[in-house]
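Since the structure is predicted, the reported quantities are computational estimates derived from the model, not experimental observations. Note: hydrogens, waters and symmetry copies are ignored here, and every other heavy atom, side chains too, is used.
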Amino acid sequence: MVRILGLLIVLASIPSVALAQQLSADKVPAVVRQACEAKFSGVRKVEWKLKSDHNYEAEFKLNGVEVAAKFDSNGKWLETETTIARAKLPADVRATISKKFGGYKIIETQSVERFDQKLPLYEVHFENVRVVMQTLYEEAGTLVSQSSKPRKRN
């Protein structure tokens with residue numbers, strides 16, 4: 001039941017993940033920019049997006065690593081997704097991936113920190129011939145959520 005509820009929540013959020021409006025820095029509230037600068041000092045080039053959930057996402061490189069940080073309109077930090085190498089995924093997460101998604105190609109791996117969680121999460125994006133899938137795991141390898149959308153044809 002919990003898994004079904006989690007899946008429904010993720011599926012309902014797919015449009016918010018897919019839709020984002022690019023913004024110039026001057027269109028981002030000062031309090032949001034200042035919160036980002038305080039949390040990630042030294043970051044120079046930031047690309048801003050306004051997500052469909054009305055939160056702001058800052059995309060940048062930190063020490064050569066791609067990072068996306070999300071803030072609400074009051075400047076409260078919500079989450080940070082940081083690109084990591086596949087080998088940096090916990091062994092239990094890699095084991096779950098092997099069992100459940102062996103026929104998929106991994107296209108992106110990230111660690112996820114959220115304001116309301118003490119332990120990190122791990123986000124893995126897959127694709128096959130038909131779909132692109134986004135999955136989220138706890139450190140122990142538990143699949144927390146999964147969503148997919150049809151793969152764009154080239």
Exercise: identify the closest heavy-atom pair between R94 and A87
NH1-O, 3.3 Å
Looking at I106, T135, D92, which hits side chain to side chain contact (heavy atoms under 4.5 Å, CB included) with I97?
I106
Distance check, rounded to the nearest 0.5 Å: R114 atom CZ versus L119 atom CG?
13.0 Å
With hydrophobic residues grouped by side-chain heavy-atom distances under 4.5 Å, do L78 and V31 end up in a single group?
yes
Working to the nearest 0.5 angstrom, can you tell me the gap between K88 NZ and T83 OG1?
14.0 Å
I would like to know whether E127 and Y104 meet side chain to side chain contact (heavy atoms under 4.5 Å, CB included); could you show each step before the answer?
CA-CA 6 Å; E127 69 179 3; Y104 289 82; 5.9 Å; no
Do any N or O atoms from the side chain of D72 and from the backbone of N74 form a donor-acceptor pair under 3.5 angstrom?
yes
Walk me through whether H125 and M133 qualify under side chain to side chain contact (heavy atoms under 4.5 Å, CB included).
CA-CA 6 Å; H125 298 218; M133 186 177 308; over 6 Å; no
Side chain to side chain contact (heavy atoms under 4.5 Å, CB included) between Q146 and Q134, intermediate numbers included:
CA-CA 6 Å; Q146 172 182 332; Q134 179 178 321; over 6 Å; no
Which heavy-atom pair separates T80 from A69 by the least distance, and what is that distance?
OG1-CB, 4.0 Å
Would you please test C36 and R33 for side chain to side chain contact (heavy atoms under 4.5 Å, CB included) and show each step?
CA-CA 5 Å; C36 183; R33 290 193 320 267; 5.7 Å; no
Hydrophobic clustering (ILVMFWY, side-chain heavy atoms < 4.5 Å, transitive) - are L23 and W77 grouped together?
yes
Name every donor-acceptor pair, under 3.5 Å, that has one atom in a side chain of residues 54-63 and the other anywhere in the protein, sequence neighbours excluded.
residue	atom	partner	partner atom	Å
N55	ND2	D53	OD2	3.2
E59	OE2	K49	NZ	3.1

Does I84 offer a backbone N or O that forms a donor-acceptor pair with the side chain of T109 under 3.5 Å?
yes
Group every Ile, Leu, Val, Met, Phe, Trp and Tyr by side-chain heavy-atom contacts under 4.5 Å, then state whether V67 and F115 land in the same group.
yes
Evaluate the ring planes of F71 and W48, with Trp represented by its six-membered ring, and classify them as parallel (under 30°), tilted (30 to 60°) or perpendicular (over 60°).
tilted
Note: E81 and V112 closest approach over all heavy atoms is CG-CG2, 4.0 Å
How many angstroms lie between atom CG of N128 and atom NZ of K105, to the nearest 0.5 angstrom?
11.5 Å
Heavy-atom closest pair (V32 atom, S73 atom, distance to 0.1 Å) is CG2-O, 3.7 Å
